[in-house]
Amino acid sequence: MPELPEVETTLKGIEPYVLNQTIKYCLVKQRQLRWLVDAHFPQKVQDRKVCALKRRGKYLVFALEHGRSFLIHLGMSGSLRVCEPGLGYRKHDHVIFTLNSNVHLRFHDPRRFGSVVWCDCAVDEHPLIRSLGVEPLGQEFHGEYLYQRARRRTTAIKNFIMNARVVVGVGNIYANEALFMAGIHPKRPANRISLLRMSQLANAIQIILKEAIAEGGTTLKDFVNSKNEPGYFSQKLRVYGKAGSSCQECGSLLKFLCLGQRSTVYCAVCQT
DNA sequence: CTGTTAACCTGAGTGC
DNA sequence: TGCACTCAGGTTAACA
């Protein structure tokens, strides 16, 4: 579920409950996530106050007192919920934080592609963070940046913009949507796109992501308390999951292909 | 260095 | 009901 807008929605949802709270207790029910959870993770976070909550790419960064921090990544199926301690655990509640305010923050992740990682160094130096590319909504992300990074890169543009070493946070749904908006064929080699079209692509990525954030993401509108209510952006999808139906611009049938093992939908007329 | 593929997991949905 | 199969929002390691 989580691409950048979903992670941002999660952050905003849990922030009021987590910020400036001390972690009273931490319970790890399942260590085997994407990375094995540090055996001493609970004692490392215990009695530490959460001073700041940030996002870097799709990682949530919990900054603690004394310059320490930990990371949570939601993977494909992860979510974070705030609830009363008395509420029964669900099957895939893997890590539970009891806060000073006596509420629970629970990390739930059926597929266990997510991660909960203690960070022993400065966050920016951490191996999972160090080599990440620019933030798509930041100042450094623009057509010129994409164009320069794409020199001598023959890989398909869709793979290129989904590469977190280039730009973070662009997952499969929004890559499909942005390429449609920019009128670029997903398989076009990255080094065969003009500066002008790269600028259109950078703009499209920013527009799509901002729109999705404003709508609370595509999935799970309310990450904090709830039920799996769809984010309203799902109603605005133009191509993702719509192979075989007609293009809203030209009416021809949207096509499907597999690119980098990910489903790809595009309009063969509008996208070249 | 670049590019591609397999792998990590569970659950929902489909067809027989 | 049950079984076999496909697919799903991510990322890295290991290869050529």
Side-chain angles (χ1 to χ4, degrees), chain A residues 1-11 29-37 55-60 71-80 90-95 107-117 126-133 136 148-179 186-192 205 208-209 212-213 215-221 223 228-237 239-244 256-265:
Chain A
M1 55 207 65
E3 295 190 35
L4 187 145
E6 285 75 16
V7 178
E8 189 68 26
T9 301
T10 297
L11 189 156
K29 288 168 65 76
Q30 170 61 273
R31 288 181 65 198
Q32 305 210 311
L33 305 180
R34 179 66 173 82
W35 311 110
L36 187 69
V37 179
R55 181 187 59 72
R56 177 72 177 99
K58 295 172 193 162
Y59 289 93
L60 286 165
L71 310 171
I72 293 184
H73 195 293
L74 301 178
M76 290 276 254
S77 57
S79 61
L80 279 168
R90 291 186 295 163
K91 185 174 180 187
H92 299 287
D93 283 340
H94 302 314
V95 182
F107 174 71
H108 180 265
D109 185 11
R111 289 179 73 181
R112 290 190 267 133
F113 288 171
S115 52
V116 176
V117 179
H126 193 278
L128 293 171
I129 302 291
R130 199 169 44 204
S131 53
L132 292 179
Q148 288 306 332
R149 288 293 303 262
R151 295 309 83 202
R152 280 181 290 285
R153 298 296 296 273
T154 58
T155 196
I157 185 62
K158 179 160 178 273
N159 294 343
F160 184 72
I161 59 173
M162 288 180 69
N163 183 347
R165 302 174 86 96
V166 176
V167 56
V168 296
V170 183
N172 196 35
I173 295 178
Y174 302 116
N176 278 294
E177 296 296 314
L179 287 165
K187 275 175 98 168
R188 174 168 284 273
N191 64 354
R192 292 192 47 244
I205 289 170
I208 293 285
L209 290 178
I213 290 169
E215 300 286 342
T218 301
T219 53
L220 304 186
K221 166 73 173 167
F223 284 86
N228 296 356
E229 293 167 6
Y232 296 122
F233 192 74
S234 57
Q235 298 163 15
K236 292 199 173 181
L237 293 173
V239 289
Y240 181 80
K242 294 186 185 299
F256 178 92
L257 61 81
C258 216
L259 209 44
Q261 306 153 293
R262 313 310 295 277
S263 64
T264 304
V265 185

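Basis for what follows: all heavy atoms, side chains included, without hydrogens, waters or symmetry-related copies. Residue numbering restarts at 1 for every chain, and letters A, B, ... go by the order of the sequence lines.
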* **Length of the OH-C1' vector between Tyr240(A) and dG10(C), whole Å** => 12 Å
* To do: For residues Glu6(A) and Leu74(A), determine if any side-chain heavy atom of one lies less than 4.5 Å from a side-chain heavy atom of the other.
  => no
* Side chains of His94(A) and Val116(A): closer than 4.5 Å at any heavy-atom pair? -> no
* Heavy atoms under 4.0 Å is the rule here; annotate nucleotides 11-16 of chain C 5' to 3' with B where the base is hit, S where only the sugar-phosphate is, and - elsewhere. => BS----
* Would you indicate what Ser263(A) reaches in the nucleic acid, counting non-hydrogen atoms under 4.0 angstrom: base, sugar-phosphate, or nothing? => sugar-phosphate
* **Backbone N/O of Asp93(A) and side chain of Gln30(A): donor-acceptor pair under 3.5 Å** => no
* **Sub-4.5 Å side-chain heavy-atom contact between Tyr174(A) and Leu4(A)** => no
* Asked: Does Ile208(A) offer a backbone N or O that forms a donor-acceptor pair with the side chain of Glu177(A) under 3.5 Å?
  -> no
* Flag the pair Tyr240(A) / Phe233(A) as yes when their ring centroid distance falls below 6.0 Å, and as no otherwise. => no
* Asked: Do the side chains of Leu60(A) and Leu80(A) get nearer than 4.5 Å, heavy atoms only?
  -> yes
* Taking the side chain as every heavy atom from C-beta outward, state whether Arg90(A) and His108(A) have any pair of such atoms under 4.5 Å apart. => yes
* Asked: Is the closest side-chain heavy-atom distance between Ile157(A) and Arg192(A) below 4.5 Å?
  -> no
* Looking only at atom C1', what distance separates dG11(B) and dT12(C), rounded to whole Å? -> 23 Å
* Asked: Quick one: on DNA chain B, does Gly260(A) or Lys91(A) contact a more 5' nucleotide (nearest heavy atom)?
  -> Gly260(A)
* Asked: Can you find a heavy atom in the side chain of Tyr59(A) that is under 4.5 Å from one in the side chain of Val7(A)?
  -> no
* Asked: Can you pull the contact range of chain A along DNA chain B, 5' to 3', using atoms under 4.0 angstrom from its heavy atoms?
  -> dT2(B) to dG11(B)
* Asked: Just the dot-bracket of DNA chain C, please: which string comes out with Watson-Crick or G-U pairs under 3.5 Å, [ ] for crossing, | for another strand?
  -> .|||||||.|||||||
* Any donor and acceptor pair, going by atom type alone, linking the side chain of Thr264(A) with main-chain N or O of Arg262(A) inside 3.5 Å? -> yes
* Asked: If the P atom of dT6(C) is compared with that of dA6(B), how far apart are they to the nearest Å?
  -> 14 Å
